[in-house]
2 protein chains.
Amino acid sequence: MAETMRVHTLGGEDLLFLTDEQIRRGIEAMFFAYRAFTADPDLILAGMDYGRAHHRALHFIHRDPGLTVTSLLAVLGVTKQSLNRVLRTLIEDGLVESRVGRRDRRERHLHLTAEGAALERRLSEAQRARMRQAYRAAGPQAVAGFRQVLEAMMDPDTRAQYQSMKDLPL
Amino acid sequence: MAETMRVHTLGGEDLLFLTDEQIRRGIEAMFFAYRAFTADPDLILAGMDYGRAHHRALHFIHRDPGLTVTSLLAVLGVTKQSLNRVLRTLIEDGLVESRVGRRDRRERHLHLTAEGAALERRLSEAQRARMRQAYRAAGPQAVAGFRQVLEAMMDPDTRAQYQSMKDLPL
DNA sequence: TTGGAAAGTCAACAAGACTGCCCTATCAAG
DNA sequence: CTTGATAGGGCAGTCTTGTTGACTTTCCAA
């Protein structure tokens with residue numbers, strides 16, 4: 001409340017966008033958009049025994065094949081035990097392969113099987129279709145701003161990780 | 001995969017931002033940013049008996065005091081039973097007041113008590129602080145783009161609801 | 001060689017979503 | 001005044017996904 005309607009000017013640029021009300025609008029937009037963002041893959045997963053967590057695991061294994069359980073843990077930001085349950089079902093069902101590390105045999109390196117890659121592609125394509133449509137509707141300049149704000153919102157560690165991921169082969 | 005690296009030009013404007021890889025980056029940005037977005041309120045809630053669901057209820061009751069249970073249901077997009085559990089604890093703990101409708105006595109109109117408003121403010125301020133910092137870092141043009149993309153991503157019904165909400169008194 | 005640290009697994013529990021079914025109170029229309 | 005629809009609530013049970021705690025296997029360094 002304190003800042004509501006406090007509008008300034010700085011270097012000739014108005015700061016209307018920093019009003020509490022404007023920020024609240026952004027918060028709500030984030031909530032509604034994220035719900036839509038996850039809706040399509042969730043619908044596909046609903047039939048199977050899988051959920052959103054499986055999708056996330058498939059996504060990051062696809063993006064960085066051979067990554068270890070610990071790395072995946074760090075990216076997903078969940079506990080080892082939580083990930084393990086998800087990973088176990090994916091391995092049992094033959095979607096993910098877990099290979100013992102050759103240099104360090106404590107490590108498990110994760111890869112998608114053909115079947116796993118197929119599901120990943122299906123989920124990913126559903127999600128990308130919505131994203132692509134939103135990008136197309138909003139245009140390149142809006143997309144650039146979208147990405148800027150999202151990056152600025154991340155925790156510094158996550159942001160560093162995110163930015164370094166761009167180097168990975170897709 | 002089909003569209004990877006397919007870059008076009010349309011009216012002199014490049015469509016690099018529609019590459020599958022670019023869209024994947026957007027998807028990951030969305031995931032990481034949303035995690036940060038909910039982190040601060042979650043931390044506050046962690047100590048109490050409440051969770052994210054309580055925060056959402058408080059937010060929308062604050063934004064639209066006196067709304068009915070059914071309206072709140074529609075906004076949140078959850079089932080009656082799921083909301084009911086949350087609402088019951090909030091009412092029992094004296095954060096939310098449920099008033100019988102005067103025109104239609106079947107309806108329950110929801111209001112925050114002083115205590116409820118205080119918690120809402122505390123949660124909201126934590127979330128807004130991050131948002132404000134991100135907005136400030138990215139600048140007004142980026143913020144406009146951010147909002148455009150998020151709106152384009154929503155389901156049409158949600159978008160209509162979201163856009164009409166701007167008329168509500170805060 | 002032995003002891004600590006790291007990687008991963010198993011078991012049990014909690015939050016919060018869901019469905020299905022049942023109930024009351026109220027309203028509105030025939 | 002009855003009857004059907006609507007608003008709200010409750011109970012039981014399930015599922016996903018997060019948590020903590022305790023355990024095994026493996027590695028490495030003193």
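Numbered from 1 within each chain, the chains take letters A, B, ... in sequence-line order.
At the phosphate of C:dG8, OP1 or OP2 sits under 4.0 Å from a side-chain N or O atom of A:Thr70. For the pair B:Arg105 and C:dT26, the criterion of a side-chain N or O lying under 4.0 Å from OP1 or OP2 is met. Under 4.0 angstrom from either OP1 or OP2 of C:dA17 there lies at least one side-chain N or O belonging to B:Arg56. Between C:dC18 and B:Thr79, a contact under 4.0 Å exists linking OP1 or OP2 to a side-chain N or O. Side-chain nitrogen and oxygen atoms of A:Arg88 include at least one within less than 4.0 Å of the OP1 or OP2 phosphate oxygen of C:dC10.
The residue A:Arg52 sits close only to the backbone: its heavy atoms come under 4.0 Å of sugar-phosphate atoms, none of a base. When heavy atoms are screened at a 4.0 angstrom cut-off, A:Arg85 is found touching base atoms of the nucleic acid. Across all strands, B:His54 comes closer than 4.0 Å only to sugar-phosphate atoms, never to a base (heavy-atom distances). A:Ser82 comes within 4.0 angstrom of a nucleotide base, judged by non-hydrogen atoms across all strands.
Remark: C1' of C:dA17 and CZ of A:Arg35 are 13 Å apart, rounded to the nearest angstrom. When rounded to the nearest whole Å, the span between NZ of B:Lys80 and C1' of C:dT24 equals 11 Å. One interatomic measurement links the two molecules: CG of A:Asn84 to C1' of D:dG21, which rounds to 15 Å at whole-angstrom precision. Summarising the geometry, the separation between CZ on B:Arg108 and P on D:dG10 is reported as 10 Å, rounded to the nearest angstrom. In this structure, CG of A:Leu76 is placed 8 Å from P of D:dG18, rounded to the nearest angstrom. Between A:Asp104 atom CG and C:dA6 atom P there is a gap of 12 Å when expressed in whole angstrom units. Straight-line distance from the CG atom of A:Asp42 to the P atom of C:dG16: 18 Å, rounded to whole Å. Regarding A:Met48, its CE atom lies at a distance of 17 Å from the P atom of D:dC15, rounded to whole Å.
Residue B:Leu87 is the one, among A:Tyr50 and B:Leu87, whose nearest nucleotide of DNA chain D lies closer to the 5' end (criterion: closest heavy atom).
With hydrogens and angles left out, the side chain of B:Gln81 and the base of D:dG13 share no donor-acceptor pair within 3.5 Å.
The pair A:Arg63-B:Glu21 meets the salt-bridge criterion, since a charged nitrogen lies less than 4.0 angstrom from a carboxylate oxygen.
Counting heavy atoms of neighbouring residues, nucleotides and ligands inside a 6.0 Å radius, atom CD of A:Gln161 exceeds 12 of them.
Between B:His59 and B:His55, the angle of the ring planes goes over 60°, which puts this pair in the perpendicular group of the 30/60° scheme. Note: A:Phe146 and A:Tyr135 have perpendicular aromatic rings, judged against thresholds of 30 and 60 degrees for the angle between ring planes. Below 30°, between 30° and 60°, or above 60°: for A:Tyr34 and B:Tyr34 the angle between ring planes is below 30°, a parallel geometry.
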